Amino acid sequence: MKKTLLQMVLTCFVLGVVFTANNAAVERGLAEAEMVAAVSDTQQQVRLPVIMYHSVLRDQAQAGKYVVSPDTISADLAWLKEHGYETVVVSDLVRYVDGLADLPEKPVMLTFDDGHFNNYLYAYPLLKGQGMKAVISVIGKQVEQYTQSGQENAYWSYLNINRLCEISEDGTFEIQNHSYDLHENDARKGSLRMRGESLESYRALLLEDTERTQKLLIEGGVPTPICYTYPYGAYSRESEDVIKSLGFACSLSCEEKVNTLRREQPECLYHLGRYNRPAGVSAEKFLGKILED
């Protein structure tokens, strides 16, 4: 009788330990699931500011709306780092939207338009020194011209294909498409459809121009561009249809706004807004107003 009673007590004790352990494991599992869900929820929507640069020159006489000094770039990068911002590029945005990766807590995308040689001369070493990265959108015709001529001048030349390979190989710059020969502020205004132009003719022109730059860059050894940067930021429903048909996952405009990216909503990556960075404004005043307000 005593033996049976002892067995019963031991059995209850063991069952109690097992139940307690199982209950603790369940609670831990639920807590971990809640933590994962919380992280996932915070990453379902991300605020993304994009800054737009153009030419970079030491000559203060050239400073203006589309020309800044290396010191301005340096100050901007220092301000971003000090305030906890981390640079991202288009491929990071696509991976986020596709649910393949998260973005930093405070992402910012830096873009350089046109592909000036001075971007390589001044911005490239500054970005590399800070361990930051940026997007550079190039005009195919200029790349081709300066690849053939070999000329490199801070004031007026553009990056050749060898330089583009160099700055993309180490991940500092991601190269994107800024048209082949549509960067003209004429009757068309960039890549827009002209008044009276048939839709068929317009589509053919935009397809041919865009594919020409893609071919030039890919054959030159540059990773395939996945973003189209509209000349002058001018886009329309018709242009977006063509760009999407070519497989571009993203497009950039010049509308000044902070973007909102959302998981599994690829449409949020088209005509992203950007803030043009002019000379004569401190990093605190320019970036603080956009990013901290």
Side-chain angles (χ1 to χ4, degrees), residues 50-77 87 89-90 109-130 132-185 190-191 209 212-214 216-217 220-223 225 227-234 252-254 274-281 286:
V50 184
I51 310 301
M52 174 173 58
Y53 300 90
H54 291 81
S55 186
V56 185
L57 289 171
R58 292 190 184 280
D59 186 352
Q60 289 300 309
Q62 301 296 320
K65 186 175 181 180
Y66 300 114
V67 181
V68 298
S69 69
D71 287 344
T72 296
I73 300 287
S74 181
D76 285 357
L77 300 185
T87 53
V89 292
V90 176
M109 191 162 77
L110 308 179
T111 65
F112 290 77
D113 280 14
D114 306 336
H116 297 278
F117 171 68
N118 56 43
N119 293 175
Y120 169 83
L121 205 58
Y122 301 122
Y124 177 53
L126 290 172
L127 287 162
K128 194 172 181 178
Q130 290 281 14
M132 294 180 168
K133 53 188 178 180
V135 173
I136 187 165
S137 301
V138 300
I139 303 167
K141 184 177 181 179
Q142 301 292 0
V143 173
E144 192 168 59
Q145 177 181 334
Y146 287 96
T147 297
Q148 293 170 354
S149 73
Q151 294 175 309
E152 293 186 327
N153 184 286
Y155 283 87
W156 44 260
S157 71
Y158 291 78
L159 288 162
N160 62 44
I161 198 70
N162 295 324
R163 293 299 191 193
L164 292 176
C165 288
E166 179 184 349
I167 64 177
S168 64
E169 280 174 358
D170 64 7
T172 302
F173 271 113
E174 182 183 71
I175 317 301
Q176 301 299 350
N177 191 323
H178 199 28
S179 86
Y180 178 82
D181 191 23
L182 292 177
H183 201 283
E184 299 290 340
N185 194 12
S191 56
D209 182 272
R212 191 168 179 180
T213 294
Q214 290 293 92
L216 173 69
L217 296 175
V222 173
C227 177
Y228 187 83
T229 302
Y230 284 104
Y232 308 104
L252 302 180
S253 75
C254 296
R274 300 184 292 164
Y275 289 87
N276 180 63
R277 182 34 159 141
V281 185
F286 178 74

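The shown structure was predicted, so the numbers you read here are calculated from the model rather than taken from an experiment. All residue numbers refer to positions in the sequence shown, counting from 1.
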Ignoring hydrogens, what is the shortest heavy-atom contact between [X] and [Y]? Give both atom names and the distance.
| X | Y | value |
| --- | --- | --- |
| Ala134 | Leu127 | CB-CD1, 3.9 Å |
| Asp181 | Asp209 | N-OD2, 2.8 Å |
| Tyr146 | Tyr158 | CB-O, 3.5 Å |
| Gly171 | Lys133 | O-CB, 3.5 Å |
| Ser69 | Val56 | C-CG1, 3.9 Å |
| Phe173 | Asn119 | CE1-O, 4.4 Å |

Say whether, by atom type as modelled, one donor and one acceptor occur between the side chain of [X] and the main chain of [Y] under 3.5 angstrom.
| X | Y | result |
| --- | --- | --- |
| His183 | Pro231 | no |
| Ser137 | Ile175 | no |
| Ser55 | Val67 | no |
| Ser168 | Leu164 | yes |
| Asn160 | Arg163 | yes |

May I ask you to decide if the ring planes of Tyr228 and Tyr230 are parallel, tilted or perpendicular, using 30° and 60° as cut-offs?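 Tyr228 vs Tyr230 ring planes: perpendicular.
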Would you give the length of the straight line joining atom [atom1] of [X] to atom [atom2] of [Y], rounded to the nearest 0.5 angstrom?
| X | Y | atom1 | atom2 | result |
| --- | --- | --- | --- | --- |
| Ile73 | Tyr124 | CD1 | OH | 15.5 Å |
| Glu174 | Ile136 | CD | CD1 | 11.5 Å |
| Leu252 | Cys227 | CG | SG | 3.5 Å |
| Ser253 | Arg274 | OG | CZ | 7.0 Å |
| Trp156 | Phe117 | CH2 | CZ | 10.0 Å |
| Leu121 | Leu126 | CG | CG | 10.5 Å |

Polar side chain donor-acceptor pair, Glu152 to Tyr120, under 3.5 angstrom: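 No - no donor-acceptor pair under 3.5 Å links their side chains.
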Salt-bridge contact Lys141-Glu144 (side-chain N to carboxylate O under 4.0 Å):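 Salt bridge flag = no for Glu144 with Lys141.
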Can Leu217 and Ile161 be said to form a side-chain contact (heavy atoms from CB on, under 4.5 Å), step by step? CA-CA 7 Å; Leu217 296 175; Ile161 198 70; 4.0 Å; yes
Are the ring centres of His54 and Phe112 closer than 6.0 Å?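 Not close enough - the centres of the two rings lie 6.0 Å or further apart.
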Can you name the one residue among Val135, Thr172, Leu110 that meets side-chain contact (heavy atoms from CB on, under 4.5 Å) with Thr87?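 The residue from Val135, Thr172, Leu110 that satisfies side-chain contact (heavy atoms from CB on, under 4.5 Å) with Thr87 turns out to be Leu110.
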Contact check, side chains of Thr213 and His178, non-hydrogen atoms, under 4.5 Å: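 Result no, sub-4.5 Å side-chain heavy-atom pair not found.
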Heavy-atom distance under 4.5 Å between the side chains of Pro278 and Val68, does that happen here?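 With C-beta onward as the side chain, the pair stays apart.
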Does the pair Tyr66 and Asp114 meet the rule for a side-chain hydrogen bond (donor to acceptor under 3.5 Å, both in side chains), with working shown? CA-CA 11 Å; Tyr66 300 114; Asp114 306 336; over 6 Å; no
Just do the side-chain contact (heavy atoms from CB on, under 4.5 Å) check on Asn276 and Met52 with the steps written out, would you? CA-CA 5 Å; Asn276 180 63; Met52 174 173 58; 3.6 Å; yes
Cation-aromatic face contact Arg277/Phe286, 6.0 Å, 45 degrees: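 Yes, a cation-pi geometry holds between Arg277 and Phe286.
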